[in-house]
Amino acid sequence: MALALLTRADESLEAEWADNAPVAYGYEVLLVCDTSGDSPGTPWAVFCPSMDAVSAGRDLQDALDMIADAIYEALVDGVTPVERNTEEWLGELYAEIVAAGCPTATAVVRPAPYAGG
């Protein structure tokens with residue numbers, strides 16, 4: 001597994017939150033590439049246990065963009081992040097991912113700043 005620090009912020013959202021202090025948070029995600037060919041349009045799945053969010057993308061960057069947007073929307077909807085272990089949260093699915101030998105990576109995603117709370 002690779003660890004990376006990645007950021008995502010739409011220019012329009014940056015402008016919207018320009019008056020706020022920089023946000024110092026991030027959400028750990030698990031990226032999984034489906035190499036079986038069963039998901040030709042969106043082979044990258046991405047899971048964020050702390051926000052109970054799942055998304056997918058056509059490539060690595062698209063998957064990260066999609067989960068960043070999902071995290072942002074969850075924050076806007078009032079979801080409170082919780083500490084969760086990825087393996088326990090995914091349960092049998094995590095075991096299947098490992099058994100299948102799918103390429104995986106972890107990353108820290110920082111969605112657009114959200115000042116609510």
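Positions are given from 1 along the sequence.
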Minimum-distance pair of heavy atoms, taken over all atoms of Ala68 and Pro111: O-CB, 3.4 Å
Ile67 side chain reached by Leu31 side chain, heavy atoms, under 4.5 Å: no
Distance-only donor-acceptor hits, side chain of residues 44-58, under 3.5 Å, sequence neighbours excluded:
unit_1 : atom_1 : unit_2 : atom_2 : d
Asp52  : OD1    : Trp89  : NE1    : 3.1
Arg58  : NH1    : Asp62  : OD1    : 3.3
Arg58  : NH1    : Asp62  : OD2    : 3.2

Distance in Å, Leu90 CG paired with Asn85 CG, rounded so as to fall on 0.5 Å steps: 9.5 Å
Counterpart residues, side-chain contact (heavy atoms from CB on, under 4.5 Å), relative to Ser36 (two or more places apart): Asp34, Asp38
side-chain contact (heavy atoms from CB on, under 4.5 Å) partner of Leu75, the single match among Ile71, Asp77, Val79: Ile71
